[in-house]
Amino acid sequence: MDRIMMEHGSGGRATSELIGEIFAWEFSNEILNAMEDCAVVLGNKKIAVTTDSFVVEPLEFPGGDIGRLSICGTVNDLLMRGAAPKYITCGFILQEGTEIALLKRIVHSMANTAREAGVSVVAGDTKVVEGSGGMFINTAGVGFVDDGVDISAASSRAGDAVLVSGSLGDHHAAILSSRMEISNSIISDNAPLCEMTERLLKENIAVHAMRDVTRGGLATVLKELAAGSGLLFEIEEEHLPIHPQVRDFCGLLGLDPLYMGNEGKMAVIVDEKDAGRALELIRSSKYGEDAAIIGRVKCAEEQKDSGRLVLKTALGGRRVLDVLEGEGLPRIC
Amino acid sequence: MKTIEEMKRYLREYDGKCITLMEVCGSHTAAIAKFGIKGLLSDRIRLVSGPGCPVCVTPSSYIDRLIELAKKKDTCVVTFGDLLRVPGSRESLSVAKGSGAAVKMVYSPMDTIKLARDNPSVTYVFAAVGFETTAPVYTLLMEQAEKQEIRNIRLLTSIKTMPPVIDWLLRGGAAIDGFLAPGHVCAVTGSDIFLPPARTYGIPFCVAGFEAKELLIAIYGLVRMAESGKVGVKNCYPAVVTADGNRTAKEKLSQYFEKQDAVWRGMGKVEGSALVLKKKYAYFDAGSAGLMADHKLNPRCCCDAVLAGKMDCAACPLFGGECTPKTPQGACMVSYEGSCYQRYLNRD
């Protein structure tokens, strides 16, 4: 059999074979291998929990695939609260007709990414539905938070520096290029951000807030942080890292990199005194080489500036940025 | 020859007579907001947005017809994303899509070819909205469909042309001292197309590009012309625009389309401002004729006055209250390129 059939979801022999040959083989670890009804894991700290679903199309794209994406997305959500990611669960919803070779590639990539991020896949589920070869993945992630770590959207303070860990819009532009069958050198940035967040915390950088830049892009993420804190966020167009090929691609299609999603970038709000050191730490971490300090958090002197995000344009003008309106590009993650 | 810095200083410190300039291109509206250009100008230079966003000026009956088609068995409407949220008389395409209507969003009309080839039993109706800029692409779509013998592609057209509506605005007494002429439209038509209204109404036009500096240069040019009473068309986008435009594109347009009257959303009928398919190509038409009704969603909506440059967005009684990007009551609030949408985004 080289394609997924309805019987792979029956719970009978075909299901166990599929689990044994692909999932258990790739994800193998002590907890999973017990093949119990649920995983029982150790832990004695504050627990961070998240869930995410992945419906991206196409399943494989330049620089990544739905499997790698599902680990990165889940792990990054945990990291953004200062947690150390530890366990992942994954539910696969496979459409009838999915090529088994494709499933193998995706699960293999997922296992590699999990290893890179230092997490174990400890529980899973497989369902098969009618359809034409598509695939959805749902995950849950569990991590542990050290005492004294308090990172949340509302914690930004006036004077803080705003950093972004790398170039904007890469994932979105890669998916779009792939769907439009445009060949270019743009690749998705889907990556786990463990190394940089770990180093920031270990070096005692005063991190007040972190958000991974996903759907809605940097503008949406920063606007939410501004709204959450009631402060004025000011960023400078000249300092925004954007790859020239992504910039050109956006120019041609009338898209704005500020509203395009990434899958391996984060915005970090740190105490002003730590900004330089934070930048160095991120830049010397994996996936952080293009990091930049892009702006400041300011006190809202007038009521209208409270919770506002403003871009100072290269020309010297001002542009107020809101969250992404409307659909954006569906199914990028 | 002035440097950009000198032009910026001039525009910031200008204290001559009050000048109102109108841009008539949605991409200009968006670019002016994007670069924060209004904040660089003296209070005496006012920029207003005219009817330049194709989505904004499409009448409600056109949207209703699209929805009707999208709900038909074996029919799928193919559209650019920005048309999805435009309100028809009862609902938008986006709402209809949510309740099962077949609507597919694409970035290029040419994507319709692949869709139609892969699903021969479905009729794909492209929502052919736009100005002189987009229209040539629709001719390429029809040409390719014919070449590849694909017979399940139709167009529902609402294509408009710029010179008649500018004439309509000026005839109606719009108090405009100069126009930023649309760079993309002029790339097709040529900048000379604006010579007749410039001469008839004694007003300057500057063809502008879409980069920050290109816009500043054109605004500077317009202010200088308006100040000194100069009339005519100045091409500030010479890298792309010529006096007589793109011959091939113009030939394609006249091969497939002919002029007719059109209804502009919130404005009414403008003579000779539509491009409709010629009889010879009627088999591509999904029923575009007669879509003249334009139902106002909210009777207090002032989009017509805003589009004519007669009212400031913020002066509309609905602005920012009943009418926001989430709850657009009129066309100017719907699209990212709409003047009210941009004003709402940058409101103080």
Side-chain angles (χ1 to χ4, degrees), chain A residues 57 132 172-173 175-182 217 219-220 223 232 234-238 240 247-260 300-332, chain B residues 4-5 7-9 11-12 26-27 30-41 79-86 92-94 97-98 103-108 110-111 114 184 210-216 324-328 333-338 341-348:
Chain A
E57 197 188 52
S132 51
H172 198 136
I175 294 287
L176 190 48
S177 305
S178 181
R179 277 197 214 154
M180 294 176 79
E181 294 173 17
I182 297 174
T220 302
K223 170 68 186 176
L232 167 67
E234 231 174 50
I235 56 171
E236 307 213 13
E237 190 177 26
E238 276 179 318
L240 296 176
R247 190 187 293 280
D248 292 348
F249 181 78
C250 291
L252 280 175
L253 289 171
L255 299 167
D256 188 343
L258 276 166
Y259 288 96
M260 311 237 320
E301 280 170 13
E302 290 178 67
Q303 181 54 37
K304 66 173 191 187
D305 282 334
S306 171
R308 195 175 240 194
L309 170 65
V310 171
L311 174 79
K312 281 165 81 179
T313 69
L315 202 62
R318 267 166 66 94
R319 175 181 167 204
V320 178
L321 300 172
D322 206 339
V323 296
L324 173 72
E325 287 285 349
E327 219 175 333
L329 179 64
R331 296 186 63 179
I332 65 165
Chain B
I4 286 287
E5 283 312 312
M7 289 184 201
K8 268 166 77 176
R9 190 174 335 119
L11 292 171
R12 191 172 58 237
S27 303
I32 285 168
K34 183 175 157 199
F35 300 125
I37 285 182
K38 281 184 184 170
L40 301 175
L41 308 179
T79 174
F80 295 127
D82 46 3
L83 204 61
L84 287 174
R85 293 171 58 240
V86 182
S92 66
L93 263 182
S94 160
K97 187 179 175 216
V103 181
K104 182 100 187 152
M105 184 184 129
V106 294
Y107 279 87
S108 162
M110 300 313 276
D111 295 347
K114 187 173 182 308
H184 293 149
F210 300 86
E211 288 305 323
K213 285 177 187 168
E214 291 166 343
L215 278 161
L216 264 189
T324 67
K326 273 198 195 110
T327 55
M333 192 60 97
V334 167
S335 152
Y336 179 76
E337 297 188 343
Y341 187 109
Q342 283 297 338
R343 174 63 73 83
Y344 184 84
L345 212 60
N346 292 282
R347 70 198 180 281
D348 276 324

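Chain naming here is simple, since letters A, B, ... match the order of the sequence lines and numbering starts at 1 in each.
- Under a cut-off of 6.0 angstrom, the local environment of CZ in B/Arg9 is sparse, with at most 12 non-hydrogen atoms contributed by other residues, nucleotides or ligands.
- Note that CE of A/Met180 and NZ of B/Lys114 are 13.0 Å apart. Values are rounded to the nearest 0.5 Å.
- Checked against salt bridge (Lys or Arg N to Asp or Glu O under 4.0 Å), B/Lys213 has no partners two or more places apart in sequence or in another chain.
- Of the inter-residue distances, the one linking B/Leu216 atom CG with A/Leu315 atom CG reads 5.0 Å to the nearest 0.5 angstrom.
- If you tally non-hydrogen atom pairs under 4.5 Å between each of B/Ala33, B/Ser27, B/Gly39 and chain A, the highest count goes to B/Ala33.
- Counted within 6.0 Å of NZ on B/Lys38, heavy atoms from surrounding residues, nucleotides or ligands total more than 12; the atom is thus considered enclosed.
- By the 4.5 Å heavy-atom criterion applied to side chains, B/Tyr107 and A/Ile182 are not counted as neighbours.
- Every residue two or more places apart in sequence or in another chain was checked for a side-chain hydrogen bond (donor to acceptor under 3.5 Å, both in side chains) with B/Ser108, and none qualifies.
- Within the 4.5 angstrom heavy-atom criterion, only side-chain atoms of A/Leu255, from C-beta onward, approach chain B.
- Of the two parts of A/Glu181, only the side chain, counted from C-beta on, holds a non-hydrogen atom closer than 4.5 Å to a non-hydrogen atom of chain B.
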